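Below you'll find the structure, written out as structure tokens, and then a few comments.
What you see is a predicted model, and the numbers here were worked out from it, not measured in a lab. Residue numbers begin at 1 in each chain, while the letters A, B, ... track the order of the sequences.
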2 protein chains.
Amino acid sequence: MVIHYKDKQYFTSKDLALSVIGGRWKIAIIWCLLHETPLRLSEIQKKLPDANQRMLIRQLRELEEDKIITRYVYPVVPPKVEYKLSEVGLLLEPVVTSICNFGDQFMQTIEHETDSTLVD
Amino acid sequence: MVIHYKDKQYFTSKDLALSVIGGRWKIAIIWCLLHETPLRLSEIQKKLPDANQRMLIRQLRELEEDKIITRYVYPVVPPKVEYKLSEVGLLLEPVVTSICNFGDQFMQTIEHETDSTLVD
DNA sequence: TGCAATACTGACTCTTTTGTCACTATGAAC
DNA sequence: GTTCATAGTGACAAAAGAGTCAGTATTGCA
């Protein structure tokens, strides 16, 4: 099975999935939109202060291209643009959740290690 | 909350998780080890023919460093080394599964798009 | 007139990640 | 003594990704 998507080849649907969620800020953006929606760019920026605007916009564009999020532009000045997860984007909820869970569990194993280092 | 791990700072456990699973072949390796274990390097190579040996070894080393996999060296010649998921590594099962599921669903949406393009 | 607010884009650099190639070690079998 | 198998390492090149900085547009308001 070979999947052709955006001029690239993927040999498994897993690889395709990874190409969609792989990006420094994508999981974080999706996480934000799962918790509060819709969000404006300026709001996402506040929630992810370590990402600079240019990066966020790029990641948002890619997510939009992949139809993970939708972008609605209000015809007003100054501009108002709202982002929300699409139906397909909502399918990422289990992915984000399981990553968060793993993160928590992994963090605990690190902490225990540190403890035992201190004890030793 | 700031997590210090391997000389880097992580602001959420989610970011920490991403640092552990982020790597061109890591999810694929974990997927393999979830389906069949233990595996030797040469066996993983056969399952992931697109990854070259050097890359696989690098990813395996990183996973080992993060204690996601264990590496057992048999004292024989020619060398025999077995890799398997650690207890912590097994916690990644939901992550891999949800990514696979999403990949399948995402693939279907692409296929439908292609259909409608053909129809239009 | 000029500044504020919002959501951008372009062009560039820097860093990280990935990929490639050549090379090593060991002992058994021929 | 040459060759095979396995699992590796080192050094480098190429590519991808991330980050930075300056700039744009619109309109209302002081």
query = Is it the case that B:S98 and A:S98 place a side-chain donor and acceptor less than 3.5 Å from each other?
reply = yes

remark   = DNA chain C nearest-nucleotide lookup for B:W25 and A:R40: closer to the 5′ end is A:R40

task = Determine the minimum heavy-atom distance between B:V20 and B:L63, stating which atoms define it.
result = O-CD2, 4.1 Å

note = Under a 4.0 Å heavy-atom criterion, DNA chain D is touched by chain A from D:dA18 to D:dT27

remark   = Residues B:K14 and A:C100: closest non-hydrogen pair is CD-SG, 3.8 Å

key: Aromatic ring pairing A:Y74/A:Y72, orientation class (parallel under 30°, perpendicular over 60°, tilted between)   = perpendicular

request  = Could you check which residues of residues 45-78 of chain B get a heavy atom under 4.0 Å from DNA chain C? Sort them by number, please.
outcome  = B:N52, B:R54, B:M55, B:R58, B:Q59, B:V77

inquiry  = We want to know whether A:E93 and A:T97 form a side-chain donor-acceptor pair, criterion being a heavy-atom distance below 3.5 angstrom.
reply    = yes

ask   = Centres of the B:Y5 and A:F106 rings: under 6.0 Å?
value = yes

key: Non-hydrogen side-chain atoms of A:Y10 and A:V2 separated by less than 4.5 Å   = no

request  = Taking the side chain as every heavy atom from C-beta outward, state whether A:L41 and A:V81 have any atom pair closer than 4.5 Å.
outcome  = no

inquiry  = Using whole Å, what does the distance between atom P of nucleotide C:dT18 and atom NZ of A:K8 come to?
reply    = 12 Å

